[in-house]
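It should be emphasised that the depicted structure is a prediction, and the values quoted were computed from it without experimental measurement. We're numbering straight along the sequence, starting at 1. Order of appearance sets the numbers: ligands from 1, and atoms from 1 within every ligand.
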Amino acid sequence: MFTTLAPLCYTTPMTNVLPDDFTFSQSNLQTYADCPRRFWLTYVQRLPWPAVEASPVQEVEYVIRLGDAFHRAVQRAETGIPAELIAAQLEDPLDAWFASYLQYRPKDIPTPVTGIESVLAIPFQVGNEGPIVRLMAKFDLLGVEPGSRAIIIDWKTTRKRTEPHYLRQRLQSQVYPYLLVEASASLPWGPIAPEQVEMRYWFTAAPDEPVRLRYDAAQHAANHQLLQRLVAQIVAGENEADFPKTPDTEANRARLCNYCAYRSRCDRGIHAGNLDDIADVDEVMRDSEIALEINLADVPEISF
Ligand code: SF4
């Protein structure tokens with residue numbers, strides 16, 4: 001298992017609106033890509049969430065708790081705790097999910113695994129002379145065969161298998177492989193080339209049908225440009241006007257505003273969207289990752 005953080009050395013104040021030690025992640029970058037105003041309210045103003053993200057509320061909380069519990073159970077299993085001991089403490093539907101994990105855990109993950117629920121972070125310079133920011137990812141499971149291949153596993157507890165084309169366009173599918181390749185040259189098991197990386201999503205709802213996304217040098221170069229553009233826009237922002245609302249279209253309301261805690265503040269509706277209509281429940285859970293990002297400041301710093 002590893003925990004690696006980029007050194008906290010910034011050439012200039014990173015931005016006028018974010019703290020100098022702000023850490024970029026797939027989560028907050030996806031928030032910005034979806035709606036700059038939501039990024040502003042969440043990460044700059046850090047406003048408490050005035051509305052539930054989806055309904056029914058109790059069910060949303062239940063789904064979030066289940067997802068956390070499943071990740072904890074798998075984490076314990078991956079660290080070597082006997083499966084029987086873990087399974088004995090699980091109730092429906094976690095017991096069935098865990099049984100699926102035991103049966104369908106991908107057999108080609110390199111062993112021993114390199115990281116379990118581990119955080120990896122790199123310094124990322126904006127342009128040639130811009131500020132150096134920190135970009136981080138938290139891998140559910142990482143298996144590396146040095147000089148040969150690397151598999152990033154993400155456990156998904158969504159109600160149904162998410163479509164590959166949807167996952168491919170998510171920033172998680174871009175940030176995780178990018179960051180792994182960039183960091184690998186400085187880590188004991190590196191370097192890893194883009195073509196040696198695979199991002200794999202594993203579903204409790206379809207444990208024998210994971211989504212496998214291959215990676216290559218062209219995607220790596222495109223991801224670099226994408227991340228440059230997004231981070232440059234964010235650090236250039238000086239006030240609320242630089243973080244506009246997502247355009248008020250029917251599609252954006254259905255996909256974003258209906259599940260956004262700030263919709264009443266933005267005058268984008270009153271009622272929460274239904275959990276059943278979400279393509280990926282992680283969309284609703286995303287803001288819960290803010291706590292992780294804030295707590296990164298407490299993680300011991302290891303230079304590489
Ligand atoms: S309600 Fe819509 S416009 Fe307002 S912050 Fe949320 S996603 Fe953006």
Side-chain angles (χ1 to χ4, degrees), residues 14-19 22-64 67 133 135-137 156 158-160 162-163 165-175 226-294:
M14 184 172 73
T15 155
N16 288 330
V17 296
L18 288 169
F22 184 79
T23 299
F24 287 89
S25 68
Q26 64 89 16
S27 174
N28 54 44
L29 288 168
Q30 186 69 60
T31 295
Y32 180 82
D34 285 342
C35 176
R37 179 58 52 84
R38 184 169 173 174
F39 181 95
W40 168 268
L41 295 170
T42 306
Y43 297 101
V44 181
Q45 296 216 311
R46 299 194 171 203
L47 286 188
W49 308 320
V52 294
E53 286 100 332
S55 67
V57 181
Q58 294 84 351
E59 196 163 348
V60 173
E61 291 173 351
Y62 176 64
V63 166
I64 291 172
V133 303
L135 180 64
M136 79 92 184
K156 290 280 187 197
T158 45
R159 292 183 173 183
K160 54 189 177 188
T162 313
E163 290 299 322
H165 72 85
Y166 178 84
L167 287 171
R168 187 172 285 285
Q169 68 188 8
R170 307 303 291 166
L171 274 159
Q172 182 177 13
S173 302
Q174 287 139 11
V175 170
L226 172 69
L227 292 171
Q228 280 288 337
R229 180 172 59 79
L230 288 174
V231 175
Q233 284 175 1
I234 292 171
V235 300
E238 295 190 336
N239 52 49
E240 186 169 358
D242 292 327
F243 294 82
K245 297 176 190 173
T246 190
D248 191 7
T249 65
E250 202 171 314
N252 280 342
R253 283 205 180 211
R255 189 176 71 85
L256 299 172
C257 301
N258 284 355
Y259 300 101
C260 177
Y262 304 116
R263 63 186 170 277
S264 58
R265 183 185 185 91
C266 293
D267 198 20
R268 293 281 175 95
I270 298 170
H271 302 293
N274 196 300
L275 194 58
D276 289 334
D277 299 330
I278 302 176
D280 183 348
V281 76
D282 285 356
E283 292 297 287
V284 173
M285 296 167 65
R286 198 189 311 155
D287 288 339
S288 67
E289 292 182 29
I290 295 170
L292 167 71
E293 288 157 12
I294 293 169

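Counting heavy atoms from C-beta outward, Asp34 and Arg255 have side chains that approach closer than 4.5 Å. The shortest side-chain heavy-atom distance between Ile234 and Tyr43 does not fall under the 4.5 Å cut-off.
Around the CD atom of Gln169, the shell of radius 6.0 Å holds more than 12 heavy atoms that belong to other residues, nucleotides or ligands. More than 12 heavy atoms of other residues, nucleotides or ligands lie within 6.0 Å of CG in Asn239, so this atom counts as buried by the packing criterion.
Taking distances strictly below 2.8 Å, the protein N/O/S atoms close to atom 2 (Fe) of ligand 1 are Cys257 SG.
Checked against salt bridge (Lys or Arg N to Asp or Glu O under 4.0 Å), Asp248 has the following partners two or more places apart in sequence or in another chain: Arg253, Arg268.
In this pair, Phe243 and Phe39 present their aromatic rings parallel. The plane angle is below 30°, not in the 30 to 60° band.
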